[in-house]
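Let me begin by presenting the structure, written as structure tokens, before commenting on it.
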There are 2 protein chains.
Amino acid sequence: MPSTRKTTNNAAGDVFTAVAHPVRRQILDRLALGEMTVSMLAEPFEITRPAISQHLSILLESGLVAIEKRGREHYYQIRPDNLNEIYRWISHFERLWPEKLDDLGDYLDKLKAEEDAEG
Amino acid sequence: MPSTRKTTNNAAGDVFTAVAHPVRRQILDRLALGEMTVSMLAEPFEITRPAISQHLSILLESGLVAIEKRGREHYYQIRPDNLNEIYRWISHFERLWPEKLDDLGDYLDKLKAEEDAEG
DNA sequence: AGAATTTGTAAGACATCGCTAACGTATGTT
DNA sequence: AACATACGTTAGCGATGTCTTACAAATTCT
């Protein structure tokens with residue numbers, strides 16, 4: 001067979017692909033502060049608003065954001081649950097990486113403690 | 001300015017980009033079992049060995065693998081430290097995601113406990 | 001109704017990615 | 001020396017990604 005093209009990449013909605021682009025990570029960083037419209041979201045970036053819109057489509061497909069339309073404004077909200085997939089994958093390397101990951105465990109414990117203290 | 005092309009993506013060696021491709025993740029999964037030569041590494045994949053070699057170059061640039069040449073064989077070893085960058089980034093969303101991440105915290109505690117038990 | 005606002009979509013330019021085939025290089029074998 | 005093995009590199013291709021400009025659709029305002 002001279003050329004059975006496979007191109008086994010990027011199943012639509014893949015979370016790893018979604019977070020691979022720095023702009024999309026920054027979008028998620030911003031959304032962590034609270035829901036925002038596209039215009040608010042696009043403000044600090046140097047690319048055009050349609051470009052942001054396209055990034056948001058990719059984030060939508062990955063399930064990392066949700067949209068809620070109110071009038072003519074579209075509010076985007078973060079949905080971090082699917083980041084779990086990345087988290088779990090990385091945690092498989094914990095055995096090879098005890099020190100760093102123990103640090104992170106402590107870090108998470110600390111965050112949780114703070115949360116409990118506040119609540 | 002009519003068209004100052006920026007293309008602000010993929011600084012060489014970016015870890016997020018390195019793990020975005022499923023083949024590269026599978027390579028890391030295999031290397032977690034122990035060091036391997038390129039041929040051993042390429043065996044289960046349906047793509048050619050040079051393609052694997054190119055993926056390995058990207059993993060090398062990201063610092064996620066190291067190479068040790070012994071004779072004509074090149075042994076690749078996993079270097080998971082830089083995964084920490086991803087881990088830390090994701091952990092910033094913990095506050096929005098308490099349940100899942102608590103589960104992961106438990107998971108890590110369990111892994112660590114097993115490790116300690118093994119001695 | 002008509003104009004302004006907010007957003008998504010389409011088309012096209014351009015760069016980059018991922019792959020194969022072919023070749024080059026270094027090491028080992030006979 | 002000649003050949004075999006293990007690997008990297010290059011050239012070239014088709015596919016995909018990212019961006020801009022232009023436009024369409026929905027909502028709000030006057």
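Predicted model, so just to flag it, every value in this text is computed and none were measured. We name chains A, B, ... by the order of the sequence lines, and we start the count at 1 in each one.
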Revision key, fill the gap. Taken to the nearest whole Å, CD/A:Q54 to P/D:dT16 is 17 Å
Check your understanding: Of all residues at least two apart in sequence or in a different chain, which pass the side chain to side chain contact (heavy atoms under 4.5 Å, CB included) check with B:L60?
Key -> B:V65, B:I67, B:Y76
Check your understanding: For B:F45 and C:dG18, what is the distance between atoms CZ and P respectively, to the nearest whole Å?
Key -> 14 Å
Point to revise | Spacing between B:L59 atom CG and C:dC17 atom C1', to the nearest angstrom | key: 15 Å
Study note, to complete from the structure: Here the gap from A:L41 atom CG to A:L33 atom CG, rounded to the nearest 0.5 Å, amounts to 10.0 Å
Exercise for review: Produce a footprint string for nucleotides 1-8 of chain C: one letter per nucleotide, 5' end first; B if the base is under 4.0 Å from any protein heavy atom, S if only the sugar-phosphate is, - if neither.
Suggested key: ---BBSBB
Revision key, fill the gap. CD1 (B:I47) and CD1 (B:I52) are apart, to the nearest 0.5 Å, by 3.5 Å
Check your understanding: Which pairs with one or both residues in residues 48-66 of chain A pass side-chain hydrogen bond (donor to acceptor under 3.5 Å, both in side chains), sequence neighbours excluded?
Key -> A:R24-A:H55
Point to revise | Ring centers of B:Y87, A:Y87 separated by less than 6.0 Å | key: yes
Check your understanding: Which sits closer to the 5' end of DNA chain D, A:R70 or A:T48, going by the nucleotide each is nearest to?
Key -> A:T48
Check your understanding: Under a 4.5 Å side-chain heavy-atom rule over Ile, Leu, Val, Met, Phe, Trp and Tyr, are A:I58 and B:I90 clustered together?
Key -> no
Check your understanding: Out of D:dT10, D:dT18, D:dT20, which nucleotide sits closest to the side chain of A:I47?
Key -> D:dT20
Point to revise | Residue pairs passing the ring-ring contact (aromatic ring centres under 6.0 Å, His included) test where at least one lies in residues 24-49 of chain A, sequence neighbours excluded | key: none
Practice item. Report the distance from atom NE2 of A:H21 to atom P of C:dA15, rounded to the nearest whole Å. Key: 16 Å
Exercise for review: Mind calculating the distance between CD (B:E61) and P (D:dT9) to the nearest angstrom?
Suggested key: 10 Å
Exercise for review: Find the distance B:H55:NE2 to D:dG8:P and express it as a whole number of Å.
Suggested key: 13 Å
Exercise for review: Sequence neighbours left out, what pairs pass side-chain hydrogen bond (donor to acceptor under 3.5 Å, both in side chains) with at least one residue falling in residues 27-38 of chain B?
Suggested key: A:W89-B:D29, B:E35-B:R70, B:E35-B:Q77
Study note, to complete from the structure: Between its two end axes (five pairs each) the helix from C:dA1-D:dT30 to C:dT30-D:dA1 turns, nearest 10 degrees, through 10°
Review point. A:R24 near the nucleic acid: base, sugar-phosphate alone, or nothing, with a heavy-atom cut-off under 4.0 Å?
Key: sugar-phosphate
Exercise for review: Report the distance from atom CE of B:M36 to atom P of D:dA6, rounded to the nearest whole Å.
Suggested key: 16 Å
Exercise for review: Would you indicate whether the side-chain heavy atoms of A:I86 and B:V19 approach each other to under 4.5 Å?
Suggested key: no
Practice item. Could you tell me the separation between the CD atom of B:E43 and the C1' atom of D:dA6, rounded to a whole number of Å? Key: 16 Å
